Amino acid sequence: MTTINLPLDGKIVPYTLTGTPIALAKRDAKAFPRIAYAAAHVVADPLADNDPWLTPAIDWERTLAFRHRLWDLGLGVAEAMDTAQRGMGLGWPEARDLIRRALAEAAGRKDALIACGAGTDHLTPGPDVTVDTILRAYEEQIETVEAAGGRIILMASRALAAAAKGPDDYIRVYDRILRQVKEPVIIHWLGEMFDPALEGYWGNSDHIQAMSTCLEVIEAHADKVDGIKISLLSKEKEVAMRRRLPKGVRMYTGDDFNYAELIAGDEAGHSDALLGIFDAIAPAASAALEALGRKSNHEFFDLLEPTVPLSRHIFKAPTRFYKTGVVFLAYLNGLQDHFVMVGGQQSTRSLTHLAELFRLADKARVLADPELATTRMKQVLAVHGVN
């Protein structure tokens, strides 16, 4: 067994790996009883001569190869979402390019499930940004996705959160947008724990009251809403909303703390999935969903439950820094050759945080090659002065 010295509680202590990696196997999404999207990250180009805080540089070959890996595992791709650092390093010009490239890749496959984020992140919130400005911004991004043949994930808008005077402004925006879209969309309600600028979304800081406004919008346009993804990190709120959705409208869990039990569901229903953590634990998610499709609930939980402590660690507050853990795990697993991120966001988590991520990933059996992961962890330790 492999042993590595890792920081813990201010000391350097040995850790012996024990996890047996979950086998990587190609699967067909038809074997899954749930729709499952992985919000996919982008791979930065470490050789670009750019200023990382100012100008994104993307390794397109590795970025698109990662999407094919998700499709091979039977997972869908939620493209250009916050996992891709959308609005947090990745601007609309780069997101637009990413959407077009990913949709072109998907068109070459028969099994590629993909939906793309459309929002208003090319607007800078301010006093001059009106509801009409926000509507035009949404329409511009929606037109881009639909022109490329894509389906829409309707992202929450920072600009709308800043400009709206109350619930009626949200109803006005979503009413107009949903009347125009060509195909049913997935509405994305991203909580303030993921993005503080979205606090008070739907016109109310109380999530239950905000939920009523959101449901009013959905009920008025149920034929134009495939589902809603809520990311509030509260299983109770998700279940409460799930039970109030109109017939035929899906709940896509965005709860990276409680996804296993929410996907499994209860006597009153279940959640499908649109999760950033599925980027990091794709083989485990794929195997678990296939087991659930065979009605092997015990195997489903055996595979997925051990990943929950890892996910809770990756998504711990400040939750918006979770992308660092997602990319770090991709680096450990050999899916990219470096630990460099758009916007230099590899610096948002401490070495101690990354060390605990390594331990939890081993226990969750999501280190694809423990020897490679150990070698790469040692390289990161060395950069931080730990040999």
Side-chain angles (χ1 to χ4, degrees), residues 37-42 78 80-90 117 119 121 125 153 155-158 161-162 186-202 205-208 210-211 214 228-239 241 251-263 271 273-282 285 304 307-330 339 341-361 364 366:
Y37 287 96
H41 76 282
V42 297
M81 302 297 291
D82 50 304
T83 307
Q85 296 174 242
R86 180 80 177 268
M88 301 176 188
L90 192 77
D121 50 312
I153 300 171
M155 300 176 72
S157 166
R158 289 177 177 175
I186 299 173
I187 294 174
H188 186 191
W189 178 6
L190 189 67
E192 64 273 11
M193 63 289 296
F194 286 87
D195 186 347
L198 296 175
E199 186 169 6
Y201 211 73
W202 301 109
S205 58
D206 181 291
H207 288 158
I208 301 303
M211 189 183 297
C214 182
I228 179 165
K229 165 188 161 70
I230 63 169
S231 300
L232 300 177
L233 301 183
S234 167
K235 62 182 179 182
E236 293 80 12
K237 291 173 184 176
E238 178 172 320
V239 171
M241 188 172 190
M251 171 61 73
Y252 288 91
T253 185
D255 189 337
D256 298 279
F257 282 11
N258 303 290
Y259 50 90
E261 58 186 291
L262 289 164
I263 292 169
S271 296
L274 199 166
L275 289 161
I277 193 59
F278 275 14
D279 174 300
I281 63 161
L304 211 55
T307 69
V308 173
L310 169 65
S311 185
R312 290 181 177 180
H313 179 71
I314 288 175
F315 284 80
K316 71 184 294 186
T319 302
R320 65 187 181 277
F321 294 150
Y322 78 87
K323 295 92 167 167
T324 302
V326 168
V327 174
F328 186 59
L329 198 46
F339 180 38
M341 295 178 65
V342 169
Q345 287 203 21
Q346 66 272 14
S347 65
T348 65
R349 295 295 200 186
S350 69
L351 182 64
T352 299
H353 179 93
L354 299 178
E356 181 63 11
L357 186 157
F358 182 92
R359 295 185 191 93
L360 291 170
V366 294

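Heads up: numbering here begins at 1 and tracks the sequence. The structure presented is a predicted model; accordingly, all values stated were derived computationally and were not measured.
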Q: State, yes or no, whether a side-chain contact exists between Met193 and Ser234 at a heavy-atom distance under 4.5 Å.
A: no
Q: Hey, does the side chain of Asp279 reach the backbone of His41 with a donor-acceptor pair shorter than 3.5 angstrom?
A: yes
Q: Are more than 12 heavy atoms, taken from residues, nucleotides or ligands other than Lys237, located less than 6.0 Å from that residue's NZ atom?
A: yes
Q: Determine the minimum heavy-atom distance between Ala84 and Ala40, stating which atoms define it.
A: CB-O, 3.6 Å
Q: Can you find a heavy atom in the side chain of Thr324 that is under 4.5 Å from one in the side chain of His353?
A: no
Q: Could you report the tightest heavy-atom contact between Pro125 and Ala162, atom names first, then the distance?
A: CB-CB, 4.0 Å
Q: If you round to the nearest 0.5 Å, how far is CZ of Arg359 from NE2 of His313?
A: 9.0 Å
Q: Between Lys229 (side chain) and Leu274 (backbone), is there a donor-acceptor pair under 3.5 Å?
A: yes
Q: Over all heavy atoms of both residues, which pair between Ala197 and Ala161 is shortest? Give the atoms and the distance, please.
A: O-CB, 3.5 Å
Q: Do any N or O atoms from the side chain of Gln346 and from the backbone of Met341 form a donor-acceptor pair under 3.5 angstrom?
A: yes
Q: Hey, does the side chain of Gln345 reach the backbone of Met88 with a donor-acceptor pair shorter than 3.5 angstrom?
A: yes
Q: Take His188 and Met81 through the side chain to side chain contact (heavy atoms under 4.5 Å, CB included) test and state the conclusion after the steps.
A: CA-CA 10 Å; His188 186 191; Met81 302 297 291; 3.2 Å; yes
Q: Please check: side-chain N/O of Gln85 versus main-chain N/O of Leu90, any donor-acceptor pairing under 3.5 Å?
A: no
Q: Asp255 side chain to Asn258 main-chain N or O, any donor-acceptor pair under 3.5 Å?
A: yes
Q: So do the side chains of Leu329 and Leu310 get within less than 4.5 Å of each other, counting heavy atoms only?
A: yes
Q: Please tell me if the side chains of Ser205 and Glu192 come closer than 4.5 Å, counting only heavy atoms from C-beta onward.
A: no
Q: Flag the pair Ile281 / Leu304 as yes when at least one side-chain heavy-atom distance between them is below 4.5 Å, and no otherwise.
A: yes
Q: Once you round to the nearest 0.5 Å, how far does CD1 of Ile277 lie from CG of Leu275?
A: 8.5 Å
Q: Could you walk me through whether Cys214 and Met241 satisfy the side chain to side chain contact (heavy atoms under 4.5 Å, CB included) test, starting with their C-alpha distance in whole Å, then the side-chain angles of each, then the deciding distance to 0.1 Å, before giving a yes or no?
A: CA-CA 10 Å; Cys214 182; Met241 188 172 190; 3.5 Å; yes
Q: Do the ring planes of Trp189 and Trp202 sit parallel (below 30°), tilted (30 to 60°) or perpendicular (above 60°)?
A: perpendicular
Q: Applying side chain to side chain contact (heavy atoms under 4.5 Å, CB included), run through Ile228 and Ile230 and close with a yes or a no.
A: CA-CA 6 Å; Ile228 179 165; Ile230 63 169; 3.8 Å; yes
Q: Where is the tightest heavy-atom contact between Ala260 and Val308, given as atom of each residue plus distance?
A: CB-CG2, 4.2 Å
Q: Can you tell me how far the CG atom of Leu232 sits from the CG atom of Leu190, to the nearest 0.5 Å?
A: 8.5 Å
Q: Do any N or O atoms from the side chain of Arg86 and from the backbone of Ala80 form a donor-acceptor pair under 3.5 angstrom?
A: yes
Q: So, taking the atom named CG in Asp82 and the one named CE in Met155, what distance separates them when rounded to the nearest 0.5 Å?
A: 6.0 Å
Q: Between Asp195 and Arg158, is there a side-chain N and carboxylate O pair less than 4.0 Å apart?
A: yes
Q: So, Tyr322 side chain and Thr83 main chain: donor-acceptor pair closer than 3.5 Å or not?
A: yes
Q: Provide the closest heavy-atom pair for Gly325 versus Leu357 in the form atom of the first, atom of the second, distance.
A: CA-CD1, 3.6 Å
Q: Using a strict 4.0 Å threshold on nitrogen-to-oxygen distance, state whether Lys235 and Glu238 make a salt bridge.
A: no
Q: Look only at the side chain of Arg312 and the backbone of Phe257, and say whether a donor-acceptor pair between them is shorter than 3.5 Å.
A: yes
Q: At what distance, to the nearest 0.5 angstrom, does CG of Leu233 lie from CZ of Phe194?
A: 4.5 Å
Q: Regarding Ser157 and Tyr201, is there a side-chain donor-to-acceptor distance under 3.5 Å anywhere?
A: no
Q: Working to the nearest 0.5 Å, report the span between OG1 of Thr319 and CG of Asp256.
A: 9.0 Å
Q: Judged by atom type as modelled, is there a donor-acceptor pair below 3.5 Å linking the side chain of Ser311 to the main-chain atoms of Thr307?
A: no
Q: Work out which heavy atom in Phe278 is nearest to a heavy atom in Tyr37; give both atom names and the distance.
A: CD2-O, 4.1 Å
